[in-house]
Amino acid sequence: MVSFYDTRRRAVVSFEPVVPGQVSMYVCGPTVYDDPHVGHARTALTFDMIRRYLQWRGFNVTFVSNITDIDDNIIKRAFETGTTEPELAARYEQVYIDQMDRFGIAHPDHRPHATEYVEEMLEFIGDLVDRGAAYAIEGKGVYFSVAAHARYGDLIGRTPEELREGAGARVEVDVDKADPLDFALWKAAKPGEPDWNSPWGPGRPGWHIECVAMATDLLGETFDIHGGGDDLAFPHHQNEVAEAEGAELGFARHWIHGAMLNVNGEKMAKSLGNFTTLSDLLDVYEPQVLRLLMLQTHYRTVMELSDDALTGASGALDRLRAWHRRAVAAGVDQTASADADAVARFTAAMDDDFGTPAALAVVFDLVREGNAALNTGDTSRAATAHATVCDLAGALGLSLAGDDQSGDDALTEKVGTLLVERDEARAAKDFATADRIRDELAAEGIVLEDTPDGTIWRKT
RNA sequence: GCGUCGGUGCCCGAGUGGACUAAGGGAGUGGCCUGCAAAGCCAUGAUUCACGGGUUCAAAUCCCGUCCGGCGCUCCA
């Protein structure tokens, strides 16, 4: 049975969806005002992995991930760059989608936008006000009353009292609020800011209310999993919980948070000068290298990004691909069925809080087994290993095929001709000529591998 | 300051009471294979898991203390 760490319950729990066989999950997406960085990619990958695994495991998954297309940062950035908020948001949303596509993150089933849900949010805020869980402050907006939610803080294991002590430690407290912990549901518009009409005057929705409105609209009042980056647990997710429960919605049954990504021991952030956009990184390293590196670290462990780590993952990916090339060249039966024992080990690792590092260890063990089998000519065992590796790696979103070179017919023909020449030279023991051809190809980035079943070539 | 998570080999990084191998990957070294390479296989690599105490028949894993670091404390994936 699938189990995972539930942030709110602070324990690994067995997972049983509300509707057997169906999983509904909502993951907080980005606020689109800048290029996505590698940290965004990690969170996206974490939930992409969870989604793919649950699907591989046989669940029918409905995956929702939003776009926050109106907020303070968007307004500020639009002003700075002399554009409008909708234009800015649309532009960066496209950049986000493009880069995540490039990284191999599957599209969500629904990608709602905050600005499409203002009606629902206003209705929701009105309900909270009617219930006495929220109050308006003239000229400022509408606030949620944390006093109405006794469990406030439970998502991060703190009590309201403890949180009050911390409130104001870094940010000035608004003296108009009834409680320092109260937060905005609706923000009154300042001059020049985009606004929507509401019973409390023109303004725009607060951040937390967006996700509650979108998640419950698309997934129902109660759904299975709510995810997001670890830094969102408080206040964002905590406030979502307060709002939803203030309106007596079942809301998320489980909370999953992905750990941050650090560079040189520090969180990736522009202010620290260690900000790497996903685009820049993928210009240097293949998407699959980054995916493999991230999967080799457990999703709840703070991960370190460095060139050494990326280079290491690149080597690991090469190993996977070399095995695949070799197996295919050896003509193993590609319709062989998977090794049930290995699949069981993989499943056990993944069922235990999505243990991708241990799951990958199973895959690499199979690669060694398969290579050893080919060394001894045991193609049957190699075929089983090959089929299993393909299945399991595929479940994690890893493809063994690598860059397809078949598209470049001219190159294929040219290399093919040279390889024939080289084979003839080798047969005649004219190694000087054979090596000269190999060197020429190497100079063009073509690496040769001689196997008993012929020579394989690939681009580096 | 308060809270929380963590410090494992040259590097990345699993493992949270017990055996089997402190997983797996990268790098290194030795061997095999190869005409030579590449790929691959085998072997080797922490007698030890920040440091100091403690509990236990048994600790990387639990407890206490110290040092160091990440994240959160209403911008944040």
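Letters A, B, ... mirror the listed sequences (proteins, then strands); counts begin at 1.
- For the pair R51(A) and F63(A), the distance from NZ or CZ to the six-membered ring centre is under 6.0 Å and the angle to the ring normal is within 45 degrees.
- At a threshold of 4.0 angstrom between heavy atoms, the contacts of N239(A) with the nucleic acid are absent.
- When distances run from any side-chain atom of H37(A) to the nucleotides A38(B), A77(B), C71(B), the shortest one goes to A77(B).
- In this structure, CG on L218(A) lies 10.0 Å from CG on D109(A), to the nearest 0.5 angstrom.
- Rounded to whole Å, atom P of A39(B) lies 18 Å from atom CG of D453(A).
- Look at N375(A) and you won't find any side-chain N or O under 4.0 angstrom from OP1 or OP2 of G40(B).
- The distance between atom CG of N262(A) and atom P of G7(B), rounded to the nearest whole Å, is 14 Å.
- Taking atom C1' on both nucleotides, G15(B) is separated from A60(B) by 9 Å, rounded to a whole Å.
- Across all strands, N371(A) comes closer than 4.0 Å only to sugar-phosphate atoms, never to a base (heavy-atom distances).
- Distance alone, capped at 3.5 Å, places no donor-acceptor pair between the R8(A) side chain and the D154(A) backbone.
- A distance of about 50 Å separates the P atoms of C75(B) and G40(B), rounded to the whole Å.
- In this model, a donor atom of one side chain and an acceptor atom of the other lie less than 3.5 Å apart for H107(A) and D101(A).
- Atom P of nucleotide G13(B) and atom CD of E304(A) are separated by 7 Å, given to the nearest angstrom.
- Comparing A59(B) with U16(B), their C1' atoms are spaced 10 Å from each other, to the whole Å.
- Rounded to whole Å, the C1' atom of C5(B) lies 26 Å from the corresponding atom of C10(B).
- For the C1' atoms, the distance linking A37(B) with C32(B) amounts to 15 Å, nearest Å.
- One can place CD1 of I156(A) at 9 Å from C1' of U4(B), the figure rounded to the nearest angstrom.
- Mapping A372(A) and T301(A) onto RNA chain B via the closest heavy atom, the residue that lands nearer the 5' end is T301(A).
- Each of G258(A) and V447(A) was matched to the nucleotide of RNA chain B holding its nearest heavy atom; the match closer to the 5' end belongs to V447(A).
- Going from the C1' atom of A14(B) to that of G54(B) covers 28 Å, rounded to whole Å.
- When distances run from any side-chain atom of M260(A) to the nucleotides C71(B), C75(B), G13(B), the shortest one goes to C71(B).
- Within 4.0 Å of H298(A), counting heavy atoms only, lie sugar-phosphate atoms of the nucleic acid but no base atom.
- For the pair I67(A) CD1 and C76(B) P, the interatomic distance rounds to 15 Å; values are reported in whole Å.
- Atom-to-atom distance recorded for T7(A):OG1 and H257(A):NE2 is 5.0 Å, nearest 0.5 angstrom.
- A23(B) and G18(B) are spaced 15 Å apart, taking the P atom of each and rounding to whole Å.
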**OP:** Before giving the answer on salt bridge (Lys or Arg N to Asp or Glu O under 4.0 Å), spell out for R321(A) and D318(A) the whole-Å C-alpha distance, their side-chain angles and the decisive distance to 0.1 Å.
**Re:** CA-CA 5 Å; R321(A) 289 184 176 163; D318(A) 282 344; 5.2 Å; no
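- Per the geometry, CG belonging to L366(A) stands 16 Å off C1' belonging to G40(B), to the nearest Å.
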Subject >> Per-nucleotide pairing state of RNA chain B [Watson-Crick or G-U, under 3.5 Å; [ ] pseudoknot-crossing; | other strand] >> reply: ((((((((.[[[..)..(.....]]].(((((.......))))).....[[[[[..)....]]]]])))))))....
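- Ranking A38(B), G72(B), C71(B) by closeness to the R158(A) side chain, first place goes to G72(B).
- Taking the six-membered ring wherever Trp is involved, the centroid distance between the rings of F144(A) and F183(A) falls below 6.0 Å.
- Across all strands shown, L448(A) has heavy atoms under 4.0 Å from base atoms, whether or not it also approaches the sugar-phosphate.
- Distance from the side chain of R426(A) is smallest to G35(B) among G35(B), A77(B), C73(B).
- Which of C12(B), G35(B), C76(B) sits closest to the side chain of L293(A) comes down to C12(B).
- Ring geometry for Y53(A) against F354(A) counts as perpendicular: the plane angle is over 60°, on a 0 to 90° scale with 30° as the lower cut.
- Shown here are the salt bridge (Lys or Arg N to Asp or Glu O under 4.0 Å) partners of E93(A), two or more places apart in sequence or in another chain: there are none.
- Residue-to-nucleotide contacts include no donor-acceptor pair under 3.5 Å from the side chain of R300(A) to the base of C5(B).
- Under the 3.5 Å distance criterion, the side-chain polar atoms of S314(A) are left unmatched by any main-chain donor or acceptor of L310(A).
- Spacing between atom OH of Y299(A) and atom P of G13(B) amounts to 17 Å, rounded to whole angstrom units.
- With T43(A) contributing its side chain and G228(A) its backbone, the two residues share no donor-acceptor pair below 3.5 Å.
- Taking the side chain of P235(A) as heavy atoms from C-beta on, and the options G35(B), C73(B), G13(B), the nearest nucleotide is C73(B).
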Just the table, please: protein N/O against nucleotides 24-32 of chain B N/O, every pair under 3.5 Å.
residue : atom : partner : partner atom : Å
G25(B)  : OP1  : R368(A) : NH2          : 3.4

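- Comparing the P positions of C11(B) and A19(B) gives a spacing of 25 Å, expressed to the nearest Å.
- Put simply, SG on C211(A) and OH on Y26(A) are 3.5 Å apart, with the number rounded to the nearest 0.5 Å.
- D34(A) has its CG atom 10 Å from the P atom of A77(B), to the nearest Å.
- One cannot find a donor-acceptor pair under 3.5 Å joining the base of A39(B) and the side-chain atoms of R326(A).
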